[in-house]
Every structure is written in C-alpha cells, then in structure tokens.
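Reviewing the structure listed below.
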Amino acid sequence: MDSNAQTFIPKKDRGMDSFRRSVRRSVRRGRGKGMLGAVLRGVLVGASITVIGVALFALILNWWDASDRAITAINQVVKFVSILAGVVSALGGDAQGGVLRGICVGLLYMALGIVCYCLLMGQQPQFSGYLADLGMGVASGGLFGMILSSRGKS
C-alpha cells in the first residue's frame, strides 16, 4: 500500500479540525451572496443604531430641557449616523456598487422609519408628506456609498 495514499477516516472520527475547515469553507461561500442581502443587513444595522441612539437621547432628555429645534437637529444626526453605519455594513469592504447600495440602504431605512412612525402614531402613511425624508435618505446614502467606495479603491 502506498504511504502517500489517504486512508479512510470515518466521519465520526474526523474531529474538530474537519469541523473548523467546513465552517470556514461555508463562511467563505456565503460572502458576497448578493446586493439584496447586503442592503438588508445595512438597513437592519441602521435601524438598530437608531433604536440605541433614540433610547440614549430619551434618557438624556430626562435631565436636559431641550428646545424643539435641538431635538429635531439631534434626530437628524441620529438618522445620518444610522445611514452611515448601514452603508458601511452593506459595503462590507467591497468597493463595487457603493453608490447603488448606499441609495438602497438610505431609501429602505427611511421608508422603514416612516412606516414605524405611522404605526406608532396611528396615522395613515401619506408618502407625499414624507418625500423630503425619503430624498434625504437617498441623497445621504448615495453620498456615503460614493465616498466609501472611492476610499476603498485608493
């Protein structure tokens, strides 16, 4: 029998090394599965950043008597930071399609926010009233995607 020939090892005796190799292989195969998964991941990351930011801001408002203008400005900053985090997550180090992914993340993030707001306030969503928010999401997501994808090429 040839000493270089591989011997048969039953599955139950392969051990942890074989398991680790197959996990690494399946993770590698899962990367780059497509733009839709990356965009959905970005929207979820952005939404979670928003929830955390709004909760922290609500705690701060207990001690700070802020004006309506300050609250509006801080809410806008939370939205921008959330969209930026979502675009970073959607790109995932990939420099291709940054603008399109950013636009999709921004649009879906703002649409999700509008729907959640309408559900919480018990309103019927009138998208003509929220076009400015949707436009802000598209513009900021596209801009962040363009900046991040151009930085990845350098």
Side-chain angles (χ1 to χ4, degrees), residues 14 16-154:
R14 288 186 187 169
M16 198 57 148
D17 289 333
S18 176
F19 174 74
R20 288 183 185 141
R21 276 193 306 274
S22 61
V23 166
R24 280 192 304 258
R25 190 178 319 119
S26 64
V27 166
R28 267 185 269 137
R29 286 181 187 158
R31 287 187 189 149
K33 271 294 188 187
M35 190 175 93
L36 181 63
V39 167
L40 290 178
R41 181 179 62 236
V43 171
L44 290 176
V45 166
S48 62
I49 296 292
T50 300
V51 168
I52 293 168
V54 168
L56 289 175
F57 185 50
L59 289 174
I60 292 171
L61 281 178
N62 285 330
W63 297 289
W64 179 41
D65 187 27
S67 68
D68 287 343
R69 291 181 72 177
I71 292 172
T72 301
I74 292 173
N75 281 335
Q76 293 298 333
V77 169
V78 168
K79 288 178 190 177
F80 281 127
V81 169
S82 298
I83 290 173
L84 176 62
V87 172
V88 167
S89 176
L91 287 179
D94 189 15
Q96 290 183 336
V99 175
L100 183 60
R101 287 182 191 204
I103 288 171
C104 291
V105 168
L107 179 68
L108 291 175
Y109 167 82
M110 291 306 283
L112 178 67
I114 290 167
V115 168
C116 289
Y117 177 77
C118 289
L119 288 175
L120 288 174
M121 295 299 164
Q123 296 178 353
Q124 192 73 4
Q126 298 172 350
F127 290 108
S128 62
Y130 296 111
L131 282 178
D133 282 341
L134 291 172
M136 185 196 80
V138 167
S140 61
L143 183 64
F144 290 144
M146 182 175 62
I147 291 170
L148 292 170
S149 65
S150 68
R151 281 187 64 206
K153 292 176 185 175
S154 302

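Computed from a predicted structure; not experimentally measured.
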List, one per line, each side-chain donor-acceptor pair under 3.5 Å for residues 101-123, sequence neighbours excluded.
from: R101; atom 1: NH1; to: A90; atom 2: O; distance (Å): 2.9
from: Y109; atom 1: OH; to: T50; atom 2: OG1; distance (Å): 2.5

- [ ] Flag yes if more than 12 heavy atoms outside D68 fall under 6.0 Å of its CG atom; otherwise flag no.
- [x] no
Task: Inter-residue atom distance L40.CG - M35.CE, 0.5 Å rounding - done: 10.0 Å
Task: Any donor-acceptor N/O pair, S48 side chain to L44 backbone, under 3.5 Å - done: yes
- [ ] Taking the side chain as every heavy atom from C-beta outward, state whether I71 and F57 have any atom pair closer than 4.5 Å.
- [x] yes
Task: For M146, side-chain contact (heavy atoms from CB on, under 4.5 Å) partners two or more places apart - done: V99, L143
TODO: Give every residue pair that meets the salt bridge (charged side-chain N to carboxylate O under 4.0 Å, His left out) criterion with at least one member in residues 103-126, sequence neighbours excluded.
DONE: none
Task: Closest approach of S149 to L91 (non-hydrogen atoms, all atoms of both residues) - done: N-CD1, 4.2 Å
TODO: Over all heavy atoms of both residues, which pair between S89 and V45 is shortest? Give the atoms and the distance, please.
DONE: OG-CG2, 3.5 Å
Task: Side chain proximity check, L148 to L84, heavy atoms < 4.5 angstrom - done: yes
